[in-house]
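Report on one structure; see the data block that follows.
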Amino acid sequence: MKDYREYTDHEIKTFQRIVYDYYQSSGRDLPWRKTHNPYEILVSEIMLQQTQVSRVIEKYGEFIKTFPDITSLAEATLIDVLAMWQGLGYNRRALSLKKLAEIVNNTYGGYIPPHVSLLMQLPGIGNATANAICAFAFNHPVIFIETNVRTVFIYHFFNTKDTVKDSEISPLVERTLDYDNPRQWYNALMDYGVALKKYCSNPGRKSAHHTVQSSFEGSARQVRGAILKALVIKNRQSFNELIDVVCYDPDVVKKNIQALEKEGLIANKGRYIFIP
DNA sequence: ATCCGGTGGG
DNA sequence: CCCACCGGAT
């Protein structure tokens, strides 16, 4: 396998051409690409964590309409945010997003900080999302690796290897980056990565960071989702009411209520359980 | 039944 | 490092 320094400028240019040609002919026109508003980009990136584009598209417009800026989200109730989140999964992201809005409102005057290190200090934002925001909202030339980017680089540069670490991909991402327009380049990489997965079985599986989830059926995720969904429909419920609606083993429901309470997604006062 | 995917707590 | 967290599509 070649070191990134061994590729000629011509080879790098050819790679960029392939990616941009694909983007020009078949790039996706996504709602969050119509804006450069950092808040709107941030919301899309949180939604896109572990969640497919098709599902995010359905929810995104309505969410932005309901919470058009940081302040409106900071001032919203958690239950209104969770109601809007139904169908996206991983409800703790909604809680993080609301907390993030409060922090940005109170400590950054409502402005999303345009730096990876500051973004990563906010709840629900890790390395990938911080870099995505810098690239897509601020057009910064960050070195950014997520699943679609991995797919592209593994397919083109590591075809004969069976496991690839991000530390091996990173220098190539840096070498091939379009420094004149990082935003456009990363959009193109993502779309091309998605296309590659469709016609060869996901090259990203060869990533050292690829993981497989335990099954959803019968999992705590399923129970948590059901509890939150029931409370979004009717917010104050007794434990017994909740058992009836949720339809799982009471001990399992109780355990999950306690876990949700610990995370701050629900509260338990007197004999009632509710979203705070 | 299997696939897809970032963050953060332990 | 390892594992838990959602849900819809296929």
Side-chain angles (χ1 to χ4, degrees), chain A residues 28 30 32 41-60 63 81-100 103 116-117 119-136 142 144-152 154 163 165-167 169 186 189-191 193-232 246 248 252 255-266:
Chain A
R28 295 171 297 178
L30 302 168
W32 44 91
I41 304 275
L42 184 148
V43 169
S44 77
E45 289 302 330
I46 300 293
M47 288 184 173
L48 288 161
Q49 291 167 0
Q50 303 288 282
T51 307
Q52 271 122 335
V53 165
S54 58
R55 273 197 285 154
V56 174
I57 285 176
E58 286 175 43
K59 303 283 171 183
Y60 182 70
F63 191 97
V81 180
L82 283 172
M84 202 61 59
W85 204 263
Q86 291 310 291
L88 286 170
Y90 292 122
N91 293 287
R92 55 161 69 142
R93 292 181 297 167
L95 177 60
S96 296
L97 182 55
K98 194 188 145 32
K99 283 184 182 164
L100 175 152
I103 294 168
V116 170
S117 58
L119 286 165
M120 280 183 69
Q121 291 169 27
L122 296 168
I125 295 191
N127 186 61
T129 306
N131 279 289
I133 292 166
C134 283
F136 296 129
V142 289
F144 165 37
I145 297 180
E146 54 70 72
T147 182
N148 296 309
V149 175
R150 280 188 192 113
T151 297
V152 174
I154 289 170
T163 68
K165 287 179 282 190
D166 282 356
S167 55
I169 297 176
Y186 281 114
L189 272 181
M190 303 263 230
D191 289 4
V194 170
L196 285 176
K197 284 182 201 179
K198 282 185 184 159
Y199 88 99
C200 45
S201 84
N202 189 0
R205 285 179 197 161
K206 288 158 65 175
S207 167
H209 310 274
H210 180 80
T211 55
V212 181
Q213 282 261 337
S214 59
S215 77
F216 180 60
E217 202 54 41
S219 69
R221 312 201 292 286
Q222 189 177 32
V223 183
R224 288 165 55 100
I227 293 168
L228 252 0
K229 189 174 185 175
L231 289 171
V232 161
V246 172
Y248 289 96
V252 174
K255 262 202 162 65
N256 281 287
I257 285 172
Q258 285 165 352
L260 286 165
E261 199 181 336
K262 205 174 163 192
E263 287 177 55
L265 276 159
I266 65 176

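Throughout, a chain's letter reflects where its sequence line sits, starting with A, and its residues are numbered from 1.
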Requested in this report: Sort and list the pairs that fulfil salt bridge (Lys or Arg N to Asp or Glu O under 4.0 Å) and have at least one residue in residues 83-95 of chain A, not counting sequence neighbours.
Outcome: A/Arg92-A/Glu263
Report summary line: Looking only at B/dG6, C/dC6, B/dC4, the nucleotide nearest the A/Lys197 side chain is B/dC4
Query - Along DNA chain B (nearest heavy atom to each residue), the more 5'-positioned of A/Lys262 and A/Asn148 - result: A/Asn148
Query - Nearest-angstrom distance from the residue atom CG of A/Asn256 to C1' of C/dA4 - result: 11 Å
Query raised in the report: Tell me: NZ of A/Lys59 to C1' of C/dG7, nearest whole Å?
Result: 11 Å
Query - For A/Phe144, all residues meeting ring pair (Phe, Tyr, Trp, His ring centres under 6.0 Å), sequence neighbours excluded - result: A/Tyr186
Requested in this report: Indicate, with a heavy-atom threshold strictly under 4.0 Å, whether A/Thr51 touches base, sugar-phosphate, or nothing.
Outcome: base
**Report entry** Pairing residues for A/Arg28 by the salt bridge (charged side-chain N to carboxylate O under 4.0 Å, His left out) criterion, not counting sequence neighbours
**Finding:** A/Asp191
Report task. Name the residue closer to the 5' end of DNA chain C, choosing between A/Ser219 and A/His209 according to the nucleotide with the nearest heavy atom. Result -> A/His209
Report summary line: To the nearest angstrom, the CG-C1' distance between A/Asp166 and C/dC1 comes to 15 Å
All N/O pairs under 3.5 Å across the protein-nucleotides 8-10 of chain C interface:
none

Requested in this report: Could you check whether A/Glu146 gets within reach of a base, just the sugar-phosphate, or nothing at all, counting any heavy atom under 4.0 Å?
Outcome: sugar-phosphate
**Report entry** For A/Val252, all residues meeting side-chain contact (heavy atoms from CB on, under 4.5 Å), sequence neighbours excluded
**Finding:** A/Val223, A/Asp249, A/Asn256
Report task. Nearest whole angstrom, please: distance from the C1' of B/dT7 to the NZ of A/Lys99. Result -> 13 Å
Query raised in the report: If you check the A/Arg92 side chain, which of C/dA4, C/dG7, B/dC4 turns out closest?
Result: C/dA4
Query raised in the report: Roughly, in whole Å, what's the span from CD1 in A/Ile125 to C1' in B/dG8?
Result: 13 Å
Report summary line: A/Tyr248 meets the ring pair (Phe, Tyr, Trp, His ring centres under 6.0 Å) criterion, sequence neighbours left out, with none
Report task. Provide, to the nearest angstrom, the distance between the CZ atom belonging to A/Arg93 and the P atom belonging to C/dC6. Result -> 9 Å
**Report entry** Euclidean distance, atom CD of residue A/Glu45 to atom C1' of B/dG6 [Å, nearest integer]
**Finding:** 11 Å
Query - A/Val149 backbone acceptor or donor facing A/Glu146 side chain under 3.5 Å - result: yes
Query raised in the report: According to a strict under-4.0 Å criterion, is A/Asn127 in side-chain N/O contact with OP1 or OP2 of B/dG6?
Result: no
**Report entry** Non-hydrogen atoms of A/Arg150 and A/Ile145 that approach each other most closely
**Finding:** CG-CG2, 3.6 Å
Query raised in the report: Starting at CD of A/Glu263 and ending at P of B/dG9, how long is that distance when rounded to a whole Å?
Result: 9 Å
Query raised in the report: If you check every side-chain atom of A/Arg205, which of B/dG6, B/dC3, B/dG10 has the closest atom?
Result: B/dC3
